[in-house]
**Q** 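This is the structure I have questions about; it appears just below.
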Amino acid sequence: MRYSKEYFAQKLAEEFPEFREVYAEHMEFYEELLGHVFFGGETLLKVLPPLLKANQDREKICRYIDFVEDMYINGDSDVQNIVGVTVLECLGDDETVLRNAFSYFSEELMRASQSIEQSWNRRDIHIWHRKGKPQYSWEWPSKQMK
């Protein structure tokens with residue numbers, strides 16, 4: 001079963017108390033959930049890029065990235081669109097933020113981000129496996145790295 005943006009908005013407000021009031025205000029103001037607005041500038045993208053830029057609070061970053069992963073893997077097509085178009089595109093706006101984000105991403109999110117970056121012609125991300133784990137680079141790995 002795939003979950004809706006409404007499900008994830010409520011889940012975000014439950015798991016991250018700092019967003020409970022934001023969720024209530026959003027619903028009162030718009031009278032419906034505007035997914036790109038809510039998950040974009042009002043919640044996840046308000047906190048995640050600065051955290052990734054500093055890359056010091058690993059526990060907090062992991063909690064947010066795990067939430068984004070859950071949205072992408074278990075969300076319906078609208079939720080997956082929010083993750084791709086709003087979250088991943090924004091993270092790709094800053095190379096340091098994106099590089100740091102990749103160190104937390106699952107292979108599935110890496111591939112989604114790779115697709116977004118290629119569609120924007122911003123960078124060509126290469127993903128390969130080494131000892132069963134996904135590796136990545138903005139440049140193709142040399143044959144010696146295999």
Side-chain angles (χ1 to χ4, degrees), residues 2-30 32-141 145:
R2 298 289 183 175
Y3 295 100
S4 68
K5 63 186 177 190
E6 290 81 10
Y7 168 84
F8 282 106
Q10 290 172 359
K11 186 175 179 183
L12 184 75
E14 289 171 14
E15 289 186 22
F16 300 91
E18 62 267 33
F19 297 130
R20 287 182 184 148
E21 189 174 322
V22 173
Y23 175 69
E25 289 172 359
H26 180 94
M27 295 305 290
E28 183 179 331
F29 185 78
Y30 294 108
E32 66 178 314
L33 183 70
L34 303 180
H36 292 278
V37 174
F38 179 73
F39 291 105
E42 292 182 357
T43 58
L44 293 174
L45 292 181
K46 193 171 190 174
V47 297
L48 199 48
L51 281 170
L52 285 165
K53 187 85 166 179
N55 202 26
Q56 293 184 3
D57 193 342
R58 293 186 60 79
E59 184 178 326
K60 196 175 222 179
I61 294 169
C62 283
R63 285 187 66 220
Y64 286 119
I65 296 293
D66 286 349
F67 189 86
V68 172
E69 296 262 358
D70 187 24
M71 288 177 68
Y72 190 74
I73 292 167
N74 296 308
D76 62 19
S77 60
D78 287 341
V79 173
Q80 290 176 340
N81 182 268
I82 291 165
V83 171
V85 172
T86 298
V87 178
L88 296 179
E89 277 187 20
C90 179
L91 296 180
D93 287 345
D94 183 307
E95 188 164 351
T96 300
V97 168
L98 187 63
R99 281 189 187 277
N100 290 340
F102 257 65
S103 68
Y104 298 92
F105 282 177
S106 67
E107 184 174 356
E108 198 161 3
L109 263 190
M110 285 180 186
R111 294 209 179 272
S113 182
Q114 175 189 46
S115 176
I116 296 292
E117 293 302 305
Q118 286 175 340
S119 71
W120 276 96
N121 290 320
R122 292 199 281 204
R123 56 189 64 86
D124 192 15
I125 300 171
H126 299 279
I127 300 171
W128 73 99
H129 288 87
R130 185 182 204 176
K131 296 182 181 179
K133 293 189 177 196
Q135 306 290 311
Y136 61 90
S137 71
W138 292 178
E139 297 177 6
W140 189 252
M145 294 179 75

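The chain is numbered in sequence order, starting from 1. Side chains are part of it too, since the values below use all heavy atoms of this structure and drop only hydrogens, waters and symmetry mates.
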**Q** Can you see which heavy atom on Tyr136 is nearest to which on Arg99, and at what distance?
**A** OH-O, 3.5 Å
**Q** CG of Asn100 to CD1 of Ile61: how many Å apart, nearest 0.5 Å?
**A** 7.0 Å
**Q** Does a side chain donor of either Glu6 or Ser4 reach within less than 3.5 Å of an acceptor in the other side chain?
**A** yes
**Q** Show, in sequence, the C-alpha distance, side-chain angles and deciding distance for Leu34 and His26, and conclude whether the side chain to side chain contact (heavy atoms under 4.5 Å, CB included) test is met.
**A** CA-CA 8 Å; Leu34 303 180; His26 180 94; 3.9 Å; yes
**Q** Output yes when Lys46 and Glu42 qualify as a salt bridge under the 4.0 Å nitrogen-oxygen rule, no when they do not.
**A** no
**Q** Is the shortest heavy-atom distance from the side chain of Leu44 to the side chain of Thr86 under 4.5 Å?
**A** no
**Q** Mark yes or no for whether Gln80, through its side chain, and Tyr72, through its backbone, hold a donor-acceptor pair below 3.5 Å.
**A** yes
**Q** Does the side chain of Val79 come within less than 4.5 Å of Phe39's, by heavy atoms?
**A** no
**Q** Considering all heavy atoms of both residues, which atom of Tyr23 and which atom of Gln10 are nearest to each other, and what is their separation?
**A** OH-CG, 3.2 Å
**Q** Could you check if a side-chain atom of Phe38 sits within less than 4.5 angstrom of a side-chain atom of Val22, using non-hydrogen atoms only?
**A** yes
**Q** Tell me whether Arg122 contacts the main-chain N or O of Glu89 through its side chain, where contact means a donor paired with an acceptor under 3.5 Å.
**A** yes
**Q** Can you tell me which residue among Val97, Thr43, Ile65 is in a side-chain contact (heavy atoms from CB on, under 4.5 Å) with Leu48?
**A** Ile65
**Q** Might you work through the side chain to side chain contact (heavy atoms under 4.5 Å, CB included) test for Phe105 and Leu88, ending with a clear yes or no?
**A** CA-CA 11 Å; Phe105 282 177; Leu88 296 179; 3.8 Å; yes
**Q** Donor-acceptor pair, Arg123 side chain versus Gln114 backbone, under 3.5 Å?
**A** no
**Q** Nearest 0.5 Å please: distance from the OG atom of Ser103 over to the CG atom of Leu52.
**A** 7.5 Å
**Q** Could you tell me whether the side chain of Glu117 and the main chain of Ile125 form a donor-acceptor pair under 3.5 Å?
**A** no
**Q** Once rounded to the nearest 0.5 Å, what's the spacing between atom CD of Glu15 and atom CG of Asp70?
**A** 7.5 Å
**Q** How many angstroms lie between OG1 in Thr96 and CG in Leu91, if you round to the nearest 0.5 Å?
**A** 12.5 Å
**Q** Could you tell me how the ring of Phe8 sits relative to the ring of Phe67: parallel (under 30°), tilted (30 to 60°) or perpendicular (over 60°)?
**A** perpendicular
**Q** Could you tell me if the side chain of Glu95 sits less than 4.5 Å from the side chain of Trp138, heavy atoms only?
**A** yes
**Q** Starting at CG of Leu51, measure out to NZ of Lys60 and round the result to the nearest 0.5 Å.
**A** 6.0 Å
**Q** Going through the distances and angles, do Glu107 and Arg111 end up as a salt bridge (Lys or Arg N to Asp or Glu O under 4.0 Å)?
**A** CA-CA 6 Å; Glu107 184 174 356; Arg111 294 209 179 272; 3.0 Å; yes
**Q** Return the minimal non-hydrogen interatomic distance between Pro134 and Met110, and the atom names on each side.
**A** CB-SD, 4.1 Å
**Q** Is the number of heavy atoms from other residues, nucleotides or ligands within 6.0 Å of NZ (Lys11) greater than 12?
**A** yes
**Q** Can you name the nearest heavy-atom pair linking Arg20 to Glu14, along with the distance?
**A** NH2-O, 3.2 Å
**Q** How far apart are the closest heavy atoms of Ile116 and Gly84, and which atoms are they?
**A** CD1-O, 3.7 Å
**Q** Distance check, rounded to the nearest 0.5 Å: Tyr104 atom OH versus Asn55 atom CG?
**A** 4.0 Å
**Q** Looking only at atom types and distance, does a side-chain atom of His36 sit under 3.5 Å from a main-chain N or O of Asn81, one as donor and one as acceptor?
**A** no
**Q** Specify the closest pair of heavy atoms between Phe102 and Ser113, including all atoms of both residues, with the distance to one decimal.
**A** CE1-OG, 3.4 Å
**Q** Does any non-hydrogen side-chain atom of Tyr3 lie less than 4.5 Å from one of Met71?
**A** no
